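Heads up, the thing below is written out as structure tokens.
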Amino acid sequence: MRSAIIVGATGLVGSELLKLLCESDEYISITAITRRKLEYEHPKLTVKIRSFDELGEQDFDFAHELYCCLGTTMKKAGSRSEFEKVDFEYPLQIASLAKKRGIMHFIVISAMSANETSSVYYSRVKGKLEKELTALELPQLSIIRPSLLVGDRYEFRFGEKMGEYILKVVNPILIGPLKKFRSIEGKQVALAMKVIALHGKKTPVSIYESWELAKLEMPQPEQVVEEPISREQLFNWDKKIKEEPLPLDEEVVFNKSKFREIKEDND
């Protein structure tokens, strides 16, 4: 049985991942480190409400995986410095603490466009995060690069909603090399993260592009199909007649003389 820590359990992917792991047979314990109270409850779930500016080693128990689902928008953050705090500084700090606590697998959500040399600020920050996380030399690092995430959010994001509506129409015609630009459900990304944790690549650093995430699913358990026994096998009397009977244990062979002696004594 496994244990997991989720940071960012109130977002689109994080909230789906939280429910998925709590309801999973593979996990016995899930800890959510969050800045506010969760509405979701489960017997397996422990919630730690913390200020991310004050996180320390004591806030992280041992776990097999740490899922980092943190992310914000420039509009919500209000400034570049606040945006970088959520999308760069916090994930890097959490990864460092996870390494110190002996957590073997760090799984983090980045972005399809992540590139530290990009002219797009958002992509550049994500690329810088990936580079710094790799430099930490974590026991195992899995980088998740989804395209535009779609699904039900707690907060309304106008720009993303518009993009979601557009891509719902455009997705079917995005084929071949353009397939990687298709939007992806937050629920599918959550499932893919679980599959990666349990059955993913075992290399020190692995990157999963959006098209790969869209295809991942839990493998079905192998079913052993027993060969049916034929009627001839069940009722092969000729074979049974030819078989020599097994010798009886001499201790259980009926001894007439012994029986006569016992009977005379009783009389």
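Fair warning: this is a prediction, and the values are worked out from it, not measured in the lab. These values consider heavy atoms only, across backbone and side chains, with no hydrogens, waters or symmetry-generated copies.
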Discussion item. I'd like to know whether Tyr40 forms a side-chain contact (heavy atoms from CB on, under 4.5 Å) with Val47, so could you lay out the CA-CA distance, the side-chain angles of the two residues, the decisive distance to 0.1 Å, and finally the verdict.
Written reply: CA-CA 10 Å; Tyr40 180 78; Val47 180; over 6 Å; no
Practice prompt. Look at atom NZ of Lys37 and say whether more than 12 heavy atoms of other residues, nucleotides or ligands are closer to it than 6.0 Å.
Written response: no
Practice prompt. Report the distance from atom CD1 of Ile5 to atom OG1 of Thr31, rounding to the nearest 0.5 Å.
Written response: 5.5 Å
Worksheet item: Nearest heavy-atom pair of Arg101 and Phe62: which atoms, and what distance?
Response: O-CD1, 4.5 Å
Fill in: Lys194 NZ: over 12 foreign heavy atoms closer than 6.0 Å
yes
Item to complete: Take Leu191 and Gln188 through the side-chain contact (heavy atoms from CB on, under 4.5 Å) test and state the conclusion after the steps.
Response: CA-CA 5 Å; Leu191 173 61; Gln188 175 59 31; 3.9 Å; yes
Practice prompt. Answer yes if the side chains of Ser147 and Ser210 hold a donor-acceptor pair under 3.5 Å, and no otherwise.
Written response: yes
Practice prompt. Report yes if the side chains of Phe52 and Leu70 come closer than 4.5 Å at any heavy-atom pair, otherwise no.
Written response: yes
Worksheet item: Which class fits the ring pair Phe83 and Tyr121: parallel under 30°, tilted 30 to 60°, perpendicular over 60°?
Response: tilted
Worksheet item: If you look at every heavy atom in Ala114 and Gly127, which pair is closest and at what distance?
Response: CB-N, 3.8 Å
Practice prompt. Step through the shown structure and confirm whether more than 12 heavy atoms of other residues, nucleotides or ligands are within 6.0 Å of NZ on Lys131.
Written response: no
Fill in: Evaluation steps, side-chain contact (heavy atoms from CB on, under 4.5 Å), between Ile33 and Ile94
CA-CA 11 Å; Ile33 299 178; Ile94 291 164; over 6 Å; no
Practice prompt. Please check if atom CD in Glu137 has more than 12 non-hydrogen atoms from other residues, nucleotides or ligands closer than 6.0 Å.
Written response: no
Worksheet, complete the sentence: Separation between NZ (Lys187) and CG (Leu149), nearest 0.5 Å, reads 14.0 Å
Worksheet item: Does some side-chain heavy atom of Leu92 sit less than 4.5 Å from a side-chain heavy atom of Leu136?
Response: yes
Item to complete: Please tell me if the side chains of Trp211 and Arg145 come closer than 4.5 Å, counting only heavy atoms from C-beta onward.
Response: no
Discussion item. Grouping I, L, V, M, F, W and Y whenever their side-chain heavy atoms are under 4.5 Å apart, do Ile6 and Val86 come out in a common cluster?
Written reply: no
Item to complete: State, with a plain yes or no, whether a side-chain heavy atom of Tyr122 is found less than 4.5 Å away from one of Met74.
Response: no
Worksheet item: Can you tell me if Asp87 uses its side chain to pair, donor with acceptor, with the backbone of Lys126 under 3.5 Å?
Response: no
Practice prompt. Please report the shortest heavy-atom distance between Ser110 and Pro146, naming the atom on each side.
Written response: O-CD, 3.9 Å
Worksheet item: Is there a side-chain contact (heavy atoms from CB on, under 4.5 Å) between Val108 and Phe106 once you walk through the steps?
Response: CA-CA 6 Å; Val108 61; Phe106 188 79; 3.6 Å; yes
Discussion item. Do Ile184 and Leu148 have side chains that approach each other closer than 4.5 Å (heavy atoms only, starting at C-beta)?
Written reply: no
Worksheet item: Taking all non-hydrogen atoms of both residues, which atom of Tyr67 and which atom of Ala4 are closest, and how far apart?
Response: CE1-CB, 3.8 Å
Discussion item. For the backbone of Ser51 and the side chain of Glu54, can you confirm whether one donor and one acceptor N or O come within less than 3.5 Å of each other?
Written reply: no
Discussion item. Between Lys44 and Glu23, does any side-chain N to carboxylate O distance fall below 4.0 Å?
Written reply: no
Discussion item. So which atom in Leu216 and which in Ile196 form the shortest heavy-atom distance, rounded to 0.1 Å?
Written reply: CD1-CG1, 3.8 Å
Worksheet, complete the sentence: Per salt bridge (Lys or Arg N to Asp or Glu O under 4.0 Å), Lys128 is matched among Glu84, Glu89, Glu116 by Glu84
Worksheet entry | Test item: Thr134 side-chain N/O and Glu130 main-chain N/O as donor-acceptor pair under 3.5 Å | yes
Discussion item. Tell me whether the count of non-hydrogen atoms from other residues, nucleotides or ligands lying under 6.0 Å of CD in Gln58 goes above 12.
Written reply: yes
Item to complete: Report yes if some heavy atom in the side chain of Tyr208 is under 4.5 Å from a heavy atom in the side chain of Val189; otherwise report no.
Response: no
Worksheet item: If you measure from CG on Leu21 to OG on Ser3, what distance do you get to the nearest 0.5 Å?
Response: 11.0 Å
Practice prompt. Would you check if Leu66 and Ile107 make a side-chain contact, meaning some heavy-atom pair closer than 4.5 Å?
Written response: no
Worksheet item: Are Ile144 and Ile207 co-members of a hydrophobic cluster defined by side-chain heavy atoms under 4.5 Å apart?
Response: no
Worksheet item: Between Arg2 and Glu26, is there a salt bridge with N-O shorter than 4.0 Å?
Response: no
Practice prompt. Could you check if a side-chain atom of Thr117 sits within less than 4.5 angstrom of a side-chain atom of Arg124, using non-hydrogen atoms only?
Written response: no
Worksheet item: Are more than 12 heavy atoms from other residues, nucleotides or ligands located less than 6.0 Å from atom CD of Glu41?
Response: no
Worksheet item: Is a donor on one side and an acceptor on the other found under 3.5 Å between the side chain of Ser15 and the backbone of Leu12?
Response: yes
Discussion item. Does Ile49, at its CD1 atom, have more than 12 non-hydrogen atoms belonging to other residues, nucleotides or ligands within less than 6.0 Å?
Written reply: yes
Discussion item. Tell me whether Lys48 is salt-bridged to Asp59, with the criterion being a basic N under 4.0 Å from an acidic carboxylate O.
Written reply: no
